[in-house]
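These notes are about the structure you will find just below.
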Number of protein chains: 2
Amino acid sequence: MKTELEYLNIYQKKHGLKRSRQRNRILEIFLSTDRHVSAEDLLEMVKKKYPDIGYSTVYRSLNLFHKAGIARLVEIGDGVARYENALKQKQHHHLICENCGRILEFTDPKVDEMIEKNARKKKFKVTRRRIDVFGLCDRCRAQK
Amino acid sequence: MKTELEYLNIYQKKHGLKRSRQRNRILEIFLSTDRHVSAEDLLEMVKKKYPDIGYSTVYRSLNLFHKAGIARLVEIGDGVARYENALKQKQHHHLICENCGRILEFTDPKVDEMIEKNARKKKFKVTRRRIDVFGLCDRCRAQK
DNA sequence: TATAAAAATGATTTTCGGTTTCATATTTAA
DNA sequence: TTAAATATGAAACCGAAAATCATTTTTATA
């Protein structure tokens, strides 16, 4: 199994991009968390160890990681683009509490498979799925 | 079965809101299309028949329709909020082409049921589901 | 019916991410 | 070593969502 850095190097070579110290450092920090991070979030984490790296570079690196298949885009509907480690984190879906904003996760290969089947019927090639379920989490249900 | 206007009136009464001519007219136009419309799109349609209605009112009305359960939010990932008739259009899921932006639709009660089951496992009460599948549509696959 | 309180309107401004620009620095192939 | 191309970081720009505000409309009640 290839590492994230290997993926990145392959993608860069394929597209005639150059390596850069900053990008590798940003990748290092990105890989160090299991959370969903926005460019802003990641910048904050990066700054702690590498104060000289700027917002643009983090922003552009995240987009690049996404294109290279290293980062998976997670949109919860608040207009902020967040990313998670696509290789380490298994594809999962979200239960989003409309009351407290808490996000629970679930995975279900059967669901994914059935969606795939529906797509195939329409001759559609799937690259990415997003399943978000909105409602009330157990805690919020209890206190209401 | 209640009409959209009845839903709106019930919601308005429940929340101490007043009626307004503009809002009813905007609803009339919103109901006249089967497309997904943004506030901007809807404004354009509204202006043709009622030129004096402004953007803010359309924008606020759409949000209100959404809260009242009349309009369903559809986000295809370009940062623009679009809405569709929630009562007339059966809940369906989207196949979004990342190349041309075309949106295909599918319904599958089994998928919905399985998602419901996953939610139940986490004691989560579902009010709304969103399944968006990104990838390449048949047309775009053919020409590549 | 008159009226006062509250909500709605529409023009405008503000906010806030995402994205682009540009001068400078770094990387890399030859 | 050097020339061409990419990357960087600060700042500007962009576009849609959301908020503001003076004025108008609605509605409950006297």
Side-chain angles (χ1 to χ4, degrees), chain A residues 5 8-30 36-68 71 73-83, chain B residues 5 8-30 36-68 71 73-83 98 101:
Chain A
L5 184 56
L8 180 59
N9 286 334
I10 289 169
Y11 181 90
Q12 289 181 157
K13 179 149 291 182
K14 189 172 165 192
H15 290 79
L17 305 180
K18 294 176 176 172
R19 291 149 189 266
S20 95
R21 173 147 12 115
Q22 288 90 332
R23 199 134 73 202
N24 286 349
R25 287 177 167 173
I26 291 166
L27 179 61
E28 170 207 326
I29 302 297
F30 176 67
H36 307 145
V37 292
S38 65
E40 199 74 48
D41 294 338
L42 188 54
L43 174 67
E44 197 182 314
M45 296 170 68
V46 167
K47 282 275 190 195
K48 282 190 184 138
K49 192 159 178 187
Y50 306 111
D52 293 341
I53 293 180
Y55 171 80
S56 309
T57 307
V58 170
Y59 167 80
R60 283 185 287 230
S61 294
L62 260 183
N63 279 343
L64 189 61
F65 298 166
H66 183 220
K67 284 191 223 150
L73 179 61
V74 180
E75 286 172 305
I76 66 168
D78 63 354
V80 180
R82 271 170 264 260
Y83 296 86
Chain B
L5 184 57
L8 181 59
N9 285 335
I10 289 168
Y11 182 88
Q12 290 182 156
K13 179 149 291 181
K14 190 171 164 194
H15 290 79
L17 305 181
K18 294 175 177 173
R19 289 150 190 266
S20 95
R21 172 147 13 115
Q22 287 90 332
R23 199 135 71 202
N24 287 349
R25 287 176 167 173
I26 292 166
L27 180 60
E28 170 206 328
I29 302 298
F30 176 67
H36 305 143
V37 292
S38 66
E40 200 73 49
D41 294 337
L42 188 55
L43 174 68
E44 197 182 313
M45 297 170 66
V46 166
K47 281 275 190 194
K48 283 191 184 136
K49 193 160 179 188
Y50 306 111
D52 293 341
I53 293 180
Y55 171 80
S56 308
T57 308
V58 171
Y59 167 79
R60 282 184 289 229
S61 295
L62 261 183
N63 280 343
L64 190 59
F65 298 165
H66 183 222
K67 283 190 224 150
L73 179 61
V74 180
E75 286 172 306
I76 68 167
D78 62 355
V80 180
R82 271 170 263 260
Y83 297 86
E98 289 175 318

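Lettering follows sequence order; numbering is per chain, from 1. Heavy atoms only: backbone and side chains are in, while hydrogens, waters and symmetry mates are out. As the structure is a computational prediction, the values presented were derived from the model and not from experiment.
- Per the geometry, CG belonging to A:Asp78 stands 15 Å off C1' belonging to C:dT15, to the nearest Å.
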Could you list the donor-acceptor pairs under 3.5 angstrom formed between side-chain atoms of residues 58-67 of chain A and any protein atom two or more places apart in sequence or on another chain?
unit_1  : atom_1 : unit_2  : atom_2 : d
A:Ser61 : OG     : A:Thr57 : O      : 2.7
A:Asn63 : OD1    : A:Tyr83 : OH     : 3.2

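- Between C:dG10 and B:Tyr59, no contact under 4.0 Å exists linking OP1 or OP2 to a side-chain N or O.
- The side-chain heavy atoms of B:Tyr50 and B:Ile26, taken from C-beta on, include no pair separated by under 4.5 Å.
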At under 4.0 Å between heavy atoms, which parts of nucleotides 20-30 of chain D does protein reach? Answer with one letter per nucleotide, 5' to 3': B base, S sugar-phosphate only, - none. B-----BS---
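- Here the C1' atom of nucleotide D:dA16 and the CD atom of A:Glu75 are 15 Å apart, to the nearest Å.
- Legend: residues meeting side-chain hydrogen bond (donor to acceptor under 3.5 Å, both in side chains) with B:Glu75, ordered by chain and number and at least two apart, are B:Arg130.
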Evaluate A:Tyr11 against A:Leu17 for side-chain contact (heavy atoms from CB on, under 4.5 Å), listing each step before the verdict. CA-CA 8 Å; A:Tyr11 181 90; A:Leu17 305 180; 4.2 Å; yes
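- Looking at every heavy atom in both residues, A:Ile53 comes nearest to A:Lys47 through O-NZ, 3.2 Å.
- Of all heavy-atom pairs spanning A:Leu73 and A:Ala81, the tightest one is CD1-CB, 3.9 Å.
- Once rounded to the nearest 0.5 Å, the distance linking CD1 of B:Ile10 with NE2 of B:His15 reads 12.5 Å.
- Rounded to 10 degrees, the angle separating the terminal axes of the helix from C:dT1-D:dA30 to C:dA30-D:dT1 is 30°, with each axis obtained from five end pairs.
- Between B:Asn63 atom CG and C:dA8 atom P the separation is 13 Å, expressed in whole Å.
- Interface residues of residues 40-52 of chain B facing DNA chain D, ordered by number: none; criterion, heavy-atom separation under 4.0 Å.
- Rounded to an integer number of Å, the gap from A:Asn24 CG to D:dT6 C1' is 15 Å.
- Following rounding to the nearest Å, B:Ile26 (CD1) and C:dG10 (P) show an atom-to-atom distance of 7 Å.
- Between A:Gln12 atom CD and D:dA7 atom P the separation is 7 Å, expressed in whole Å.
- Identified under the salt bridge (charged side-chain N to carboxylate O under 4.0 Å, His left out) test for residues 9-27 of chain B, with sequence neighbours left out: none.
- Atoms CG (B:Leu62) and C1' (D:dA18) sit 14 Å apart, rounded to a whole Å.
- Under 4.0 angstrom from either OP1 or OP2 of C:dG17 there lies no side-chain N or O belonging to A:Tyr55.
- Residue B:Ala39 is out of contact with every strand shown, counting any heavy-atom pair closer than 4.0 Å.
- OP1 or OP2 of C:dA8 has not a single side-chain nitrogen or oxygen of B:Thr57 nearer than 4.0 Å.
- Open room surrounds CD on A:Glu44; 12 or fewer heavy atoms of other groups in view lie less than 6.0 Å from it.
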